[in-house]
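Heads up, the thing below is written out as structure tokens.
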Amino acid sequence: MPTADQPRFLRSRWAMPTFCLALGLAFLVAGLLGDDPGSGVGGLAVMSAVGIAFLALSPRSDTVAGLAGPGRDERWAAIDVHATAFTGMVLIAVILGAFFYELATGRDGEPWSQLGAVGGITYVVAVVVLRRRT
Amino acid sequence: MQNDVRELRTAAGLSQQQLGEELDVSRQTINSIEKERYTPSLPLAIAIARFFRTTVEEIFHADR
């Protein structure tokens with residue numbers, strides 16, 4: 001009986017390296033579009049190195065394997081959910097803090113107000129969708 | 001949750017790695033279950049019980 005919650009690809013050893021490569025390519029495109037190819041190439045190089053590190057270290061470390069994909073099982077899925085929720089709460093605190101600081105110092109609060117709106121709307125939509133699915 | 005996974009595993013002569021492979025979970029997950037730091041999902045608990053040819057209630061003890 002299968003017990004892992006993660007889709008099969010996310011449990012493959014190629015999941016995180018692929019994500020790193022995609023981020024690196026995003027870096028490159030953004031750098032080229034912003035007329036800063038050095039940053040783009042540098043970003044691609046760094047993310048490629050991170051992806052290679054995940055590939056190389058996954059067989060040697062359970063923790064890296066869990067982060068990278070091959071070690072992902074239901075326990076890692078639970079860890080991921082809790083870590084993501086905690087990260088979200090930290091980001092919300094930072095966005096709110098920055099927004100209020102901006103207002104208190106006479107500025108308009110952007111882009112923090114927009115980020116906060118995106119976060120709030122995303123949370124409500126997620127609650128509505130998940131409530132209907134469970 | 002208190003459980004007898006370690007006792008059953010050692011009686012079967014299996015390492016945590018081997019049991020993890022049989023159940024399609026990581027060695028760390030088996031270790032966490034045995035140390036009662038992680039409570040497995042219902043499907044995993046049933047898989048563990050079936051692997052050891054017993055019942056979930058015989059392995060996991062919610063009332064201890």
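Naming: A, B, ... by sequence-line order, numbering from 1 per chain.
Hydrophobic clustering (ILVMFWY, side-chain heavy atoms < 4.5 Å, transitive): M1(B) and I46(B) are in one cluster. Clustering ILVMFWY residues whenever any of their side-chain heavy atoms sit less than 4.5 angstrom apart, transitively, puts L21(A) in a cluster other than the one holding L23(A). Under a hydrophobic clustering in which Ile, Leu, Val, Met, Phe, Trp and Tyr are joined whenever their side-chain heavy atoms come within less than 4.5 Å, directly or via other members, L32(A) and V46(A) fall into different clusters. Clustering ILVMFWY residues whenever any of their side-chain heavy atoms sit less than 4.5 angstrom apart, transitively, puts L14(B) in the very cluster that holds I33(B).
Judged by distance alone, with hydrogens and angles left aside, the side-chain atoms of E74(A) form a donor-acceptor pair with the main-chain N or O of S41(B) at under 3.5 Å.
Atom CG in D73(A) sits 8.5 Å away from atom CD1 in I30(B) (nearest 0.5 Å).
In summary, the side chains of R75(A) and S32(B) do present a donor paired with an acceptor at a separation below 3.5 Å, with no hydrogens or angles considered.
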